Amino acid sequence: FQAASILDVETGVKAYALRITTGYYASKYNYGEAVGVMDADEIDGAIKTLQYIKQNIDKLKNYSEVVYTASSGMKVGAYRSSSDKKLFVKVNSNATKYYDISEIDNLIASFQKAKAKLGD
């Protein structure tokens with residue numbers, strides 16, 4: 001997780017964003033670094049989605065997903081099947097990282113820490 005700010009030199013307006021970078025490996029021909037971006041407002045949406053998941057994951061029935069999608073296409077969410085519960089962060093079309101549901105507090109804290117660094 002990296003906090004970033006961009007300054008429009010013509011207008012003096014600053015924009016803040018969260019940049020998430022991860023490696024991926026699909027095959028010996030398809031591997032590298034994946035980068036996803038969320039603007040500062042979208043971080044709040046991701047945090048609220050994760051908090052909703054924390055409170056409701058055990059109430060979901062059959063196969064269910066709860067997903068927040070940023071304008072860049074990056075996704076944060078969770079799924080519940082009859083045998084499994086997982087968190088995921090889809091950084092881009094190449095890389096999706098899965099986490100045990102027990103990591104939800106750590107993921108929420110990571111987004112909150114990034115939000116705090118953006119000075120919002």
Side-chain angles (χ1 to χ4, degrees):
F1 282 44
Q2 298 172 317
S5 65
I6 300 167
L7 175 64
D8 183 330
V9 293
E10 290 182 16
T11 64
V13 174
K14 274 190 179 180
Y16 297 97
L18 170 64
R19 180 178 189 248
I20 297 177
T21 306
T22 188
Y24 72 93
Y25 181 89
S27 72
K28 66 180 181 178
Y29 304 109
N30 183 8
Y31 63 92
E33 185 175 83
V35 178
V37 178
M38 280 187 174
D39 70 33
D41 295 333
E42 291 174 324
I43 295 170
D44 287 332
I47 292 168
K48 287 177 184 173
T49 300
L50 290 168
Q51 290 168 336
Y52 176 86
I53 291 166
K54 182 178 176 179
Q55 294 172 353
N56 295 287
I57 191 75
D58 291 323
K59 298 174 191 171
L60 300 175
K61 304 289 183 199
N62 301 319
Y63 181 85
S64 301
E65 286 187 16
V66 177
V67 180
Y68 176 80
T69 304
S71 61
S72 66
M74 196 169 126
K75 296 181 180 187
V76 176
Y79 72 85
R80 180 186 174 133
S81 67
S82 60
S83 62
D84 204 10
K85 295 183 276 190
K86 291 284 186 190
L87 295 168
F88 62 85
V89 176
K90 183 175 183 178
V91 177
N92 66 19
S93 61
N94 291 319
T96 302
K97 298 296 182 179
Y98 294 92
Y99 304 94
D100 189 85
I101 200 74
S102 65
E103 293 294 318
I104 196 161
D105 288 330
N106 291 333
L107 194 54
I108 291 170
S110 294
F111 277 101
Q112 289 172 332
K113 185 176 177 183
K115 179 76 176 171
K117 284 184 178 180
L118 295 177
D120 192 31

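Keep in mind it's a predicted model, so treat the numbers as computed, not measured.
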Taking atom CG of Asn92 and atom OG1 of Thr22, what is their separation to the nearest 0.5 Å?
-> 9.5 Å
Smallest separation among heavy atoms of Ala70 and Met38, with atom names = CB-CG, 3.9 Å
Atom CG in Leu107, atom CD in Gln112: separation rounded to 0.5 Å?
-> 10.0 Å
CG of Asp84 to CD1 of Ile101: how many Å apart, nearest 0.5 Å?
-> 9.5 Å
Work out which heavy atom in Lys115 is nearest to a heavy atom in Ile43; give both atom names and the distance.
-> CB-CG2, 3.9 Å
Shared hydrophobic cluster, Leu18 / Val35 (ILVMFWY, side-chain heavy atoms < 4.5 Å) = no
Do you know which two heavy atoms are closest between Ala46 and Val76, and how far apart they sit?
-> CB-CG2, 4.3 Å
Would Val37 and Met74 satisfy side chain to side chain contact (heavy atoms under 4.5 Å, CB included), going step by step from the backbone distance to the final call?
-> CA-CA 7 Å; Val37 178; Met74 196 169 126; 6.0 Å; no
Pairs involving residues 23-55, ordered by first then second residue, that meet ring pair (Phe, Tyr, Trp, His ring centres under 6.0 Å) (sequence neighbours left out) = none
For residues 90-114, the ring pair (Phe, Tyr, Trp, His ring centres under 6.0 Å) pairs (sequence neighbours left out) are Phe1-Phe111
Taken in chain and number order and not counting sequence neighbours, the residues that satisfy side-chain hydrogen bond (donor to acceptor under 3.5 Å, both in side chains) with Tyr63 are Glu65
Approximate separation, where rounding is to 0.5 Å, of Asn62 CG and Arg80 CZ = 10.0 Å
same_hphob_cluster(Ile104, Val89) at 4.5 Å side-chain heavy-atom cutoff | yes
Residues two or more places apart in sequence or in another chain: which of them pass side-chain hydrogen bond (donor to acceptor under 3.5 Å, both in side chains) with Lys54?
-> Asp105
Smallest separation among heavy atoms of Ala3 and Ala114, with atom names = CB-O, 4.4 Å
Non-neighbouring partners of Tyr68 that pass side-chain hydrogen bond (donor to acceptor under 3.5 Å, both in side chains), sequence neighbours left out = none
How long is the span from the CG atom in Asp39 to the OG atom in Ser72, to the nearest 0.5 Å?
-> 8.5 Å
Interatomic spacing from CD1 in Ile53 to CG in Leu87 - rounded to 0.5 Å | 6.5 Å
Can you get from Tyr79 to Leu60 by hopping between Ile, Leu, Val, Met, Phe, Trp and Tyr side chains that sit under 4.5 Å apart?
-> no
Identify, with sequence neighbours excluded, every residue that meets side-chain hydrogen bond (donor to acceptor under 3.5 Å, both in side chains) alongside Lys85.
-> Asp58
Same apolar cluster: Ile47 and Val66, side chain cutoff 4.5 Å = yes
Taking atom types as modelled and ignoring hydrogens, do the side chains of Glu33 and Thr21 form a donor-acceptor contact shorter than 3.5 angstrom?
-> no
